[in-house]
Peer 1: 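One structure, pasted below without further comment.
We name chains A, B, ... by the order of the sequence lines, and we start the count at 1 in each one. Only this structure's heavy atoms are used, side chains among them; waters, hydrogens and symmetry mates stay out.
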Amino acid sequence: MDPAYDPQRVEADWYSRWEKAGVFRPELNAGGPPFCIVIPPPNVTGSLHMGHALDQTIQDVIIRRKRMQGFAALWLPGTDHAGIATQIVVERELAKEGMTREELGRERFIEQVWLWKARSGGAITQQIRRMGFSTDWTRERFTMDEGLSAAVRKVFVDLYHEDLIYRGTRIINWCPRDRTAISDVEVEHEDELGELVHIRYPFTEGSGGIEVATSRAETMLGDTGVAVHPDDPRYRDMIGKTVRVPLVDREVPIVADSAVDPTFGTGAVKVTPAHDPTDFEIGRRHGLEAVVILDEGGVINANGGRFAGLDRMDARRAVKEALAAEGALIKTEPHEHSVGHCERCHTVVEPYLSEQWFVRVAPLVGPAMEAVKRGDIRFIPERWEKTYFHWMENLRDWNISRQIWWGHRIPAWYCDDCGEMSVAMEAPAACRCGSKSLRQDEDVLDTWFSSGLFPFSTLGWPEDTADYRAFYPNSVLVTGYDIISFWVARMIQLGLHLTGCKPFPDVVIHGMIRAEDGRKMSKSLGNGVDPLDVVREYGADALRLALMQAAAPNQDVPFQTESVDAARRFGNKLWNAIRFALSHLGEGNVPANGGYPDRPGPEATWVLARLRAASDEVDALLDDYRFSDAFSTLYNFAWGEVFDWYLEMAKAQLRAGDEATKATLGVVMRDLLKLFHPAIPYLTEELWQHLVGDGFIAASRWPTPPSHDEPAGFENFREIVSGVRRFRAEHGLGPRHPLDIVIADPAGVMESWWAPQFKALAGFEPRAGAATEGANYSQVVSGSLQALISLDGLVDIGAERLRLDREITELEALVARTAAKLANAQFVERAPADIVAKERARAEDWLATLAKLTAQRSELG
RNA sequence: GGGCGCUUAGCUCAGUUGGUUAGAGCGCUUCCCUUACAAGGAAGAAGUCGGGGGUUCGAAUCCCUCAGCGCCCACCA
């Protein structure tokens, strides 16, 4: 083995070997209880970003551990066709060749998208492989696969016949750039400083008029009414009168509607039913006409009269100028308001009256909320349930039709002759009227419609397949909080309704990876870090371990390259620890399982006890999805206890060829590799091959070390070693400077095993005995033990006095604190007995130490 | 306008039902190239846990309040 760890070499070919051996298939543990995670499908044309890296590392840690625990573990990979996003990408590619999709036509454009997918769709799956994620590629799915598409059509048809899907003309969110409707959750609201424009609408009869205020002046071109609150005394007399809309010269009524807030603006609102949701409702209540003034690209249409042809933003300026020229513009004032933007392209969206398909959500919401309230489905951390409930409670019908070409085309056909609509799985041969002139609906479904079926459509549903029976419901869903509303809530709604069963019991929500500056990683800000770049520099294992240690349960975490570097250094440390073990054990001499020594010596007992404690803790933490705590615990155990203490203690015995120590070293290192394997699969696999050389660690059994009590006196030993090292450091004595030290162990807590270890770890050979009265010595006290370091000819007595004084002062403060606590009758009375007992024991301990130190201090003069 | 969250060492963050002297990584200081590892080892400095008030024998932890920051939701034009 090389003396240094080289991630690129280690990570070169394990993945294909695992894959070839079928390690990632649930059949590996046929007969074991099923365990399943479906991947949140990334955009098929996208590439892996840091968020994926975190999300998927969590899933891989879960699935690899379950696999090692004997579950028939399935992590099902897949990709999403990502309707609008993908279409935009392909349109951009076409634009480079000077083409538009319209020129190409629907059929040929879709061909182009499939070609694009074939070319670039492999990128993301290659990246998933490079990260070492153990997905079962034999079960890979794509949301536009034949099977998944059939499921989509079936769901659409069934929901339509249950009246849960309907077609209707509503105000929806329209993106003029993408020229499609989008759903409520695809709109991002941002506060912007705009202006409130006050306009005067003159009465058609008599003098005077009414003043209205708007932030979108151009919409007045579509005004068909003015509304006031019915109880507003300012306007009560005007209700029923008519006013003339300037510029378009339309006569419209003043109506009374309680949706109007009398305290806002002038208390009178212009009503544009075709371009505002509230206005649409008001218009419907009062029979006002809806005049659409925008075309699909956000340009004023013929209804806008002389403003036709102007983009909406240009029209806003032009309308204001024209109003001012007519004397109808009263004033403009700055106005902060919230503006909706398209989540995909960030264009300002328009409320737009249009005929679309909707899912009626009311009947789905109840059961979906109940399942979480009952605890059938739980969010981890729990606080996300509030977000979920809040969103569910305010849910409006879901607009599922998109005016794009890439996606699942809506399975509805219209008869050219009689106008009848047929909704069916496949194109009907003829209309009921006998006509064969049928046209399929032009629209496609929202991408999230198919993603919403992912937990079961990927397993073969609606067919009753073996996979569906075994792996549905899934075992856990892992995702970021950003798509709770897009995806999680919809899977729960649709899953419950369609399969009659919750899609998963646990929803693990993690934070977002942010850029080093704390902001969102984004291409436009240029602060993004490509995980593959990090992998090339530090290795996938280092990135994975860093993400696992950093990922607090519910907090966003700034990505820091240094943490990856630290993880890589840990890899090097582990590499060398194994190299050390191999130098004594030779290659392939450690059993894959068991092999724990029957009658371990004290050092072995200690390390085995600690191993068991660490593995118990890691198990508990991983069961609770507390990855950061789990791997920090493991990291500290490995480095702080095994490498820093145990390996040092084992050296002397290994040199003496002690077989029991070899066995212990072997199993401890082996179990350490196993415990780390879910986080750093490549490195642990490589090292496993050297240490064990049997099968794959990826297919090995999760460790269950035997339990032992920690040997008495070990902590005392550790304290004395550290104390002597501190003594050396404080007095500028090198590690090998000879010291004359007597260990006084009146209670005999340390037996005799420690003697050679003091030599190994603290560089001195202790003499047993008692403190010599009157001698010049420094002491390290631990419990009833004392290490008495002779000062003869060694150090400056003055420095030692200062050192002692400092220690005594510190100790006195502690003693005073506990004494005060114990003197408090309330504390002794009310605190639990074990807490009080602990406090007493501590106080005694400190007092004894203090007595020894003060005695020594007085001897030093 | 509602809701949620954050504020702990120079930096980035842990700290689970209140209970040892509040932890880690990085950075910093001193010493050590000891035959697994200098990508390392040993020792150390460093925090009035955002401010104020309260509950309690006891508060970083629970409650109230103020300040600063961030996120989500929302049809006040």
Peer 1: Is there a side-chain contact between A:Tyr481 and A:Thr387 (heavy atoms, below 4.5 Å)?
Peer 2: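 Side chain of A:Tyr481 against side chain of A:Thr387, heavy atoms only: no contact under 4.5 Å found.
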
Peer 1: Polar atom pairs between nucleotides 70-77 of chain B and protein, under 3.5 Å, N or O only, would you list them?
Peer 2:
| unit_1 | atom_1 | unit_2 | atom_2 | d |
| --- | --- | --- | --- | --- |
| B:A74 | N6 | A:Ser338 | OG | 3.3 |
| B:C75 | O2' | A:Thr278 | OG1 | 3.3 |
| B:C75 | O2 | A:Thr278 | OG1 | 2.3 |
| B:C76 | O2 | A:Asp261 | OD2 | 2.5 |
| B:A77 | O2' | A:Ala213 | O | 3.3 |
| B:A77 | N6 | A:Asp261 | O | 2.6 |
| B:A77 | N6 | A:Phe264 | O | 3.1 |
| B:A77 | N1 | A:Asp261 | N | 3.2 |

Peer 1: Using both pair distances under 3.5 Å as the test, note the stems of at least 3 consecutive Watson-Crick or G-U pairs that include RNA chain B.
Peer 2: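 Expected stems, ordered by start: B:1-7 with B:67-73, B:10-13 with B:23-26, B:28-32 with B:40-44, B:50-54 with B:62-66.
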
Peer 1: Would you say the ring centers of A:Tyr352 and A:Trp174 fall short of 6.0 Å from each other?
Peer 2: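 Between A:Tyr352 and A:Trp174, the centre distance is under 6.0 Å.
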
Peer 1: Any non-hydrogen side-chain atom of A:Ile509 less than 4.5 Å from a side-chain atom of A:Tyr388?
Peer 2: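 Counting from C-beta outward, A:Ile509 and A:Tyr388 never come under 4.5 Å.
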
Peer 1: Would you say A:Gln549 and A:Phe570 make side-chain contact, with heavy atoms under 4.5 Å?
Peer 2: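 Counting from C-beta outward, A:Gln549 and A:Phe570 never come under 4.5 Å.
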
Peer 1: Please classify the nucleic acid contact of A:Ala825 as base, sugar-phosphate, or nothing, using heavy-atom distances under 4.0 Å.
Peer 2: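 Touches nothing.
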
Peer 1: What is the nucleic acid contact for A:Ala566, judged by heavy atoms within less than 4.0 Å: base, sugar-phosphate only, or nothing?
Peer 2: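 Sugar-phosphate: the residue A:Ala566, judged by heavy atoms under 4.0 Å, touches backbone atoms but no base.
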
Peer 1: Does any residue of residues 630-643 of chain A have a heavy atom under 4.0 Å from RNA chain B, and if so, which ones, in number order?
Peer 2: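 Nucleic-acid contacts, sorted: A:Trp639, A:Phe643.
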
Peer 1: Is the shortest side-chain N/O distance from A:Lys821 to OP1 or OP2 of B:U20 below 4.0 Å?
Peer 2: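 Answer no for this pair, as no side-chain N or O of A:Lys821 is under 4.0 Å from OP1 or OP2.
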
Peer 1: How would you label the contact of A:Phe570 with the nucleic acid (heavy atoms, under 4.0 Å): base, sugar-phosphate, or nothing?
Peer 2: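 Contact class for A:Phe570: none.
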
Peer 1: Categorize A:Lys838 for me: base, sugar-phosphate, or nothing, with a 4.0 angstrom heavy-atom threshold over every strand shown.
Peer 2: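 Answer is nothing: A:Lys838 stays at 4.0 Å or more from every strand.
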
Peer 1: Verify the contact: side-chain N or O of A:Arg569 to OP1 or OP2 of B:C26, cut-off strictly under 4.0 Å; return yes or no.
Peer 2: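 For A:Arg569, the contact criterion (side-chain N or O under 4.0 Å from OP1 or OP2 of B:C26) is met.
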
Peer 1: Report which part of the nucleic acid A:Arg726 touches: base, sugar-phosphate, or nothing (heavy-atom distance under 4.0 Å, all strands).
Peer 2: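 Sugar-phosphate: the residue A:Arg726, judged by heavy atoms under 4.0 Å, touches backbone atoms but no base.
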
Peer 1: Honestly, is A:Lys573 close enough over A:Tyr635, meaning NZ or CZ under 6.0 Å from the six-membered ring centre and within 45° of the axis?
Peer 2: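 Geometry flag: not set, cation outside 6.0 Å or 45°.
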
Peer 1: Does A:Asn399 use its side chain to pair, donor to acceptor, with the backbone of A:Phe358 at less than 3.5 Å?
Peer 2: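 Judged by distance alone, no pair lies under 3.5 Å.
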
Peer 1: NA contact type, A:Glu393, heavy-atom cut-off 4.0 Å: base, sugar-phosphate, or nothing?
Peer 2: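 Answer is nothing: A:Glu393 stays at 4.0 Å or more from every strand.
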
